[in-house]
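This report concerns only the one structure given below.
Per chain, numbering begins at 1; letters A, B, ... match sequence-line order.
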Number of protein chains: 2
Amino acid sequence: MRQTKRDELVRKALEIFYRNGFHATGMDMLVAETGISKTSMYKHFRTKEELILAALRLRDENFRNWLFRRIDELAETPRDKLLAIFDALGEWFAMREFRGCMFIKASAEYQEREHPIHAQSAEHKRLLFDHVKRICAQAGAPSPDDLARQLLILKEGAIVMAVLGKASDAARDARMAAESLLAAAFAGR
Amino acid sequence: MRQTKRDELVRKALEIFYRNGFHATGMDMLVAETGISKTSMYKHFRTKEELILAALRLRDENFRNWLFRRIDELAETPRDKLLAIFDALGEWFAMREFRGCMFIKASAEYQEREHPIHAQSAEHKRLLFDHVKRICAQAGAPSPDDLARQLLILKEGAIVMAVLGKASDAARDARMAAESLLAAAFAGR
DNA sequence: AAATACAGATACCGATCTGTACACCTATAT
DNA sequence: ATATAGGTGTACAGATCGGTATCTGTATTT
């Protein structure tokens, strides 16, 4: 397989960047931890930035697939799926390797909105929004747009508080808040 | 005044770290942008980390003072103050120099919970929580603890979405969500 | 006027940063 | 058998990293 080595590199780079940060991770550390030679790395990616972008693309795929598969497993109706978002988050927060949202961290290290890494992080959030909005619409929300944006705010806030507060609280609190938001959005239905 | 030079250093370092990130900002850049010699810097702070911690302490003071003064100006009753949090955030998001939450970014670059910079960022959130919880109690919330945690989640989420989405939406959406949370918390009063 | 203390400038330390050059290995395809 | 492609290892370039040493100037104290 021609893509195998490259995929392995991206997979491992993703894990190391996630654990260790972007600026704090040098190419030499990637060499040491992946066993892949620097020559090969620079054959696949012309710069460190391109490697980071590839890692973020993989992360975006993995995370969205996982989250939406998980909420489909956890809930039947669209409305329950919206709440299940926060049950899934709770499972994530409890994982040993949980370190917060990779895209929040990426945008924190690459702050200019025009920077490709920042832009790709914003795109990840947009894709999440699109999917959640679709579920809101399926649930019959009067304003799927508004509800989805509010739920996403809860999701991002829960992640931040899981990192900087108690992770177990964050998911439970966000779920309680989400229940209130749904109750308000569907008031009188 | 003996503290003047040191204070000026911390003030300017804060601004540069906020704009440019922590790892991405070298001491040489601080020398170039502040006009203060490296010798002086290392006379006041033994390491870069100590300088960062001093900058974060200043930021913590400034931000909390600003936020709580602003919501006192914007609202009269405790319950209205809770909503005014998000009006104040909206003003912040609209500022030209807005770049997200410095403590979220700090914890993104220094991920270990035991790291002093991470710990200090967590402490900032705890201090915010204490104050918001007090207002919740003054407002007569049945569970000030839960409500405060939910509102803080909204606050952090709004900041993230202000950075990675549309800043104007984020404050408005979070305020709408906060209204729903308050309605639920004070249901039947 | 002499002594002390502090700030600035500059050059430097060893380490590390991203990225490149070059020689060599090995499997497959022709 | 030999060309080709993808891989390794190593050494290195040039810049920058955090931090220090040294020297000069200057203000205050005695």
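Nucleotide C:dG8 holds its C1' atom 14 Å from the CG atom of B:L9, rounded to whole Å. B:M41 places its CE atom 15 Å from the C1' atom of D:dT20, with the value rounded to the nearest Å. Spacing between atom CZ of B:R6 and atom P of C:dA7 amounts to 12 Å, rounded to whole angstrom units. At whole-Å resolution of the value, CZ in B:F45 and P in D:dG19 are 13 Å apart.
Interface remark: the A:T47 side chain does not form any donor-acceptor pair with the C:dG19 base, using a distance-only criterion of under 3.5 Å.
The backbone N or O of B:H23 sits less than 3.5 Å from a side-chain atom of B:E109, completing a donor-acceptor pair. A side-chain donor-acceptor contact under 3.5 Å links A:Q111 to the backbone of B:R19.
Closest to the side chain of B:K43, from the set C:dT20, D:dT22, C:dA7, is C:dA7. You'll find that the side chain of A:I36 is closest to D:dT8, out of C:dA9, C:dT18, D:dT8. Distance from the side chain of A:S40 is smallest for D:dT8 among the nucleotides D:dG19, C:dG8, D:dT8.
Residues passing the salt bridge (charged side-chain N to carboxylate O under 4.0 Å, His left out) test with A:E61: none are found, sequence neighbours excluded.
Between atom CG of residue A:D87 and atom CZ of residue A:R175 there is a gap of 4.0 Å, rounded to the nearest 0.5 Å.
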| remark: Nucleotide by nucleotide, nucleotides 12-17 of chain C touches protein heavy atoms under 4.0 Å in the pattern (B base, S sugar-phosphate only, - none) ------
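Between A:F22 and A:M102 there is a side-chain heavy-atom pair separated by less than 4.5 Å. Side-chain contact between A:R57 and A:Q120: present, with at least one pair of heavy atoms (C-beta onward) separated by less than 4.5 Å. Inter-residue side-chain proximity for B:S107 and B:K125 is flagged as unmet; no heavy-atom pair is nearer than 4.5 Å.
Using a cut-off of 4.0 Å between Lys/Arg side-chain N and Asp/Glu carboxylate O, A:E8 and A:R11 are scored as not salt-bridged.
End-to-end axis angle of the helix from C:dA1-D:dT30 to C:dT30-D:dA1, from C1' rotation axes over five pairs per end: 0° (rounded to 10 degrees).
Between B:P116 and B:E49, the shortest heavy-atom distance links the atoms CG-OE2, 3.4 Å.
Proximity of A:H44 to the phosphate of D:dG7: a side-chain N or O atom is located under 4.0 Å from OP1 or OP2.
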